[in-house]
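Here the structure comes first, spelled out in structure tokens, and everything after it is commentary.
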Amino acid sequence: MKKKDRISKIRNIGIMAHIDAGKTTVTERILYYTGRSHKMGEVHDGEAVMDWMPDEQERGITITSAVTTCQWKGSDVQLIDTPGHVDFTIEVERSLRVLDGAIGVFCAVGGVEPQSETVWRQADKYHVPKIAFINKMDRIGAGFFATVEMMKERLHAKPLILQLPVGSEENFAGVIDLIGMKQIVWDDETLGATFSMDEISPDLLDEALQYREKLIESLSEEDDIIMEAYLSETPVSADKIVSAIRKATVGLKLVPVLCGSALKNKGIQLLLDAIINYLPSPLDVPPVKGTHPETGEALFFEAKDNGPLAALIFKVSMIEGRKLSFVRVYSGSLKSGGEVYNPSRKIREKLSRIMSMHANKRDRIEEAGAGSIVGVVGLKISSTGETLCSSEKPVLLEKIEFYEPVISIAVEPKTHSDQEKLDEVLTKFMDEDPTLKVRRDEDTGQTILSGMGELHLEIIISRMMREFNTTVNVGKPQVMYREAIALEAEGSAVFDREIAGQRHFGEVSLRLKPLRRGSGNRIRFAIKDEAIPAAFMPFIEKGITEAFESGTLMGYPVVDVEAVVTGGSFRESLGTEVSFTVSAAMACKEALGKSGPFLLEPIMDTEVFVPEAFMGDVIGDLSSRSGKIESINAKSGIQIIKAIVPLSRMFGYSTSLRSATQGRGTFTMQFSHFDKN
């Protein structure tokens, strides 16, 4: 096969959804029908191939994104199964950063749930084409068309219905394919491996014709060939429809919608066909953009094996104590034993081994070309979000954005031997997970572990024991606040000291101004050039940035502040990096102390699903937690309460909700914004 043909046959896709929508079950069926695995692993039995971590198997949830490759009709499908729980959103973020397409899995009962919205927006941010698969059509309360409407309302998507369900709930039997106009029913005896394609039942034909007309009409708005056929009322061949759908999907105009029941083995083969037919290969997406590390010039790299190397490390994992880096190769190729250049750190590293991944199993390969997603062993220093390239043609690809933690716990080792291991273990976890932060509390001497939620930190503590045999005492969860300022204030500082025989002198004056919420921090210079040479400006900026990392009120990061550097002084031969970094930090701290600092706390978007009989108690409980009710909607006999609630008031809420609703209420929660305490 020619190299270009090989790349055109690759599909790099992710499966994303709200927790419990059935992502991992869909993935398991894909692996089974493509022959990648010979037994369907079930999530509820703890046997799913992609949920290989003990914590995943015990809890029945996906915690870490797992990579695998399978073949379908001559194409290589490189698949990442991502977590649905909000605490592990970073796993979705960094996966979508390197994927060319995605499948959004929706529960036909729950519809578009909160985390579905989050991951959909993440995919939109990276311009990832998507297919929607409405799962669990066999469940009581399943609503195919209601879910499609929710896609329009909540996701602002333009769904393109390609299939209609045949029956629903316990009578769900198959689907009607609106392109080929056939009725497809799966055989339960063969676990869905075989299916029949028959003429559409007379009682369903009118509805099928009506929705096929809508399909052609929607496509005609995006494709001139379909438009001509639609206006002249001439039949359109299936090939032309497929081609038009592919073009509209890759162009982010439409979202093809399919349906099925993964647990009952219905609909997966057609989903695989849709992946091949409608989602892009690496050749169909725009060339990856980067910048030259020295000049800042924009550089573009097409998916070519013989092009210059451009690859991104999107994930680091510690498997059996060894560092495994997950890499997406955009251009050029990686060779086992070869050398690569990391422009972020200005170092060369050697690739000792390259692995083709299948969850936690791996096969050694000698080379990985453009479009590949592989595991690499041997990178000692390079980390998540960093670029690998050649030193002759260096490039910096766009980095991955990481989220700031909102919750923290204090941990202390139980034994002296645990103390020795703790720092090393935490360093490994931080290499793996950029949303995990560790700091030492200077007052108490405790180690403070900060993460995205209670479950996130719970999993880290569990893995410490399981994987590294390190046991710790854990304090109660604490909220990670932010600090902001209420007033404009000025500060100035002089650093004049002799260190190791060298005198350092620097003076900085600045003014702090509060910005509106969510603006972030800004640093501006309003000083005359002769006061402080331009060469020292980056050091002043560094000092201010460091001061913002720890506020004067309670030591939390300072946000939404503009620092305007208004003056200072410099003495020839005495101005140094240290003097201006420290004097800027001291001036900033002085101004922060005079600016009326106050705390901001994380506010959470909360959705509570509760039977109507318990509405009063649940609303009363949310109000007692300073929650603000935004809306109440009814769906399938359940009331959905949307509220915003301070995170500090939500500890232990799952227990309270179960108690108030006799175990029938559930809720989801995700970070919204920071607001005044």
Side-chain angles (χ1 to χ4, degrees), residues 11 13 15 17 21-45 47-50 68 70-75 77 79 81 103 105-109 131-145 147 161-205 207-209 211-212 238 242 256-278:
R11 299 291 181 274
I13 62 157
I15 299 196
K23 297 178 305 304
T24 303
T25 306
V26 168
T27 308
E28 292 298 318
R29 295 320 187 255
I30 286 175
L31 296 180
Y32 179 75
Y33 295 128
T34 57
R36 191 68 175 87
S37 61
H38 303 292
K39 178 179 180 289
M40 291 182 189
E42 301 295 4
V43 174
H44 52 264
D45 293 334
E47 293 180 356
V49 172
M50 302 300 271
T68 191
C70 52
Q71 281 75 39
W72 183 254
K73 297 187 176 176
S75 291
V77 179
L79 179 69
D81 176 29
I103 303 165
V105 178
F106 300 98
C107 170
V109 181
I131 288 174
F133 181 72
I134 299 176
N135 191 27
K136 302 192 178 185
M137 286 301 304
D138 59 307
R139 290 270 300 276
I140 293 171
F144 176 76
F145 295 108
T147 303
I161 296 174
L162 304 188
Q163 297 174 352
L164 297 177
V166 176
S168 68
E169 301 182 347
E170 70 270 17
N171 297 319
F172 177 68
V175 301
I176 291 171
D177 170 23
L178 294 176
I179 298 173
M181 288 301 280
K182 294 288 182 184
Q183 186 164 314
I184 300 167
V185 177
W186 278 265
D187 182 5
D188 292 332
E189 296 282 320
T190 62
L191 295 176
T194 59
F195 50 87
S196 60
M197 298 183 71
D198 302 312
E199 296 304 314
I200 299 169
S201 304
D203 57 321
L204 300 174
L205 188 56
E207 186 183 32
L209 289 168
Y211 275 94
R212 192 176 198 274
V242 168
V257 179
L258 299 87
C259 63
S261 167
L263 190 63
K264 295 295 172 66
N265 313 312
K266 294 176 169 64
I268 302 301
Q269 293 95 332
L270 301 189
L271 176 61
L272 277 161
D273 288 344
I275 290 168
I276 306 304
N277 289 338
Y278 309 132

Atom pair [atom1]/[atom2] of [X] and [Y] - distance to nearest 0.5 Å:
{"X": "L79", "Y": "I30", "atom1": "CG", "atom2": "CD1", "result": "5.5 Å"}
{"X": "D198", "Y": "I176", "atom1": "CG", "atom2": "CD1", "result": "11.5 Å"}
{"X": "L191", "Y": "N265", "atom1": "CG", "atom2": "CG", "result": "5.5 Å"}
{"X": "L272", "Y": "I13", "atom1": "CG", "atom2": "CD1", "result": "7.5 Å"}

Nearest non-hydrogen partners of [X] and [Y], listed with the distance:
{"X": "A108", "Y": "M137", "value": "CB-SD, 3.7 Å"}
{"X": "C259", "Y": "Q163", "value": "N-OE1, 3.0 Å"}
{"X": "C107", "Y": "T147", "value": "O-OG1, 4.1 Å"}
{"X": "L263", "Y": "R29", "value": "O-NH2, 3.2 Å"}
{"X": "T34", "Y": "C70", "value": "OG1-CB, 3.3 Å"}
{"X": "L205", "Y": "M181", "value": "CD1-CE, 4.4 Å"}

Open item on the list: With a 4.0 Å cut-off on N to O distance, would you call D188 and K266 a salt bridge?
Closed with: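 So D188 pairs with K266 through a salt bridge.
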Just wondering, do [Y] and [X] contact through their side chains at under 4.5 Å, heavy atoms?
{"X": "L178", "Y": "L162", "result": "no"}
{"X": "D273", "Y": "Y278", "result": "no"}
{"X": "Q269", "Y": "F195", "result": "yes"}
{"X": "L258", "Y": "V175", "result": "no"}
{"X": "F172", "Y": "P165", "result": "yes"}
{"X": "L271", "Y": "I103", "result": "yes"}
{"X": "I200", "Y": "Q183", "result": "yes"}
{"X": "Y32", "Y": "I268", "result": "no"}

Open item on the list: Using the salt bridge (Lys or Arg N to Asp or Glu O under 4.0 Å) criterion, which residues pair with E199? Sequence neighbours excluded.
Closed with: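 Only K182 meet the salt bridge (Lys or Arg N to Asp or Glu O under 4.0 Å) criterion with E199.
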Open item on the list: Determine whether a donor-acceptor pair (N or O, by modelled atom type, separation under 3.5 Å) exists between the side chain of N135 and the backbone of A262.
Closed with: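 Yes, the answer is positive, given that a donor and an acceptor are paired below the 3.5 Å cut-off.
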- [ ] Measure from the side-chain N and O atoms of R212 to the backbone N and O of I179, and report whether any donor-acceptor pair falls under 3.5 Å.
- [x]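 Indeed, once roles are kept as given, a pair shorter than 3.5 Å links the two residues.
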- [ ] Evaluate side chain to side chain contact (heavy atoms under 4.5 Å, CB included) for I15 paired with F133, printing each intermediate quantity in order.
- [x] CA-CA 10 Å; I15 299 196; F133 181 72; over 6 Å; no
Open item on the list: Tell me whether I140 at atom CD1 has more than 12 heavy atoms from other residues, nucleotides or ligands lying less than 6.0 Å away.
Closed with: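 No, CD1 of I140 has 12 or fewer neighbouring heavy atoms, counting only those of other groups under 6.0 Å.
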TODO: Would you please test F145 and Y211 for ring pair (Phe, Tyr, Trp, His ring centres under 6.0 Å) and show each step?
DONE: CA-CA 12 Å; F145 295 108; Y211 275 94; 5.2 Å; yes
- [ ] With side chain to side chain contact (heavy atoms under 4.5 Å, CB included) as the test, would you mind laying out the steps for V257 and F106 before giving the verdict?
- [x] CA-CA 10 Å; V257 179; F106 300 98; over 6 Å; no
Open item on the list: For a side chain to side chain contact (heavy atoms under 4.5 Å, CB included) check, start with the C-alpha distance between W72 and I276, then their side-chain angles and the critical distance, and finish with the verdict.
Closed with: CA-CA 8 Å; W72 183 254; I276 306 304; 3.8 Å; yes
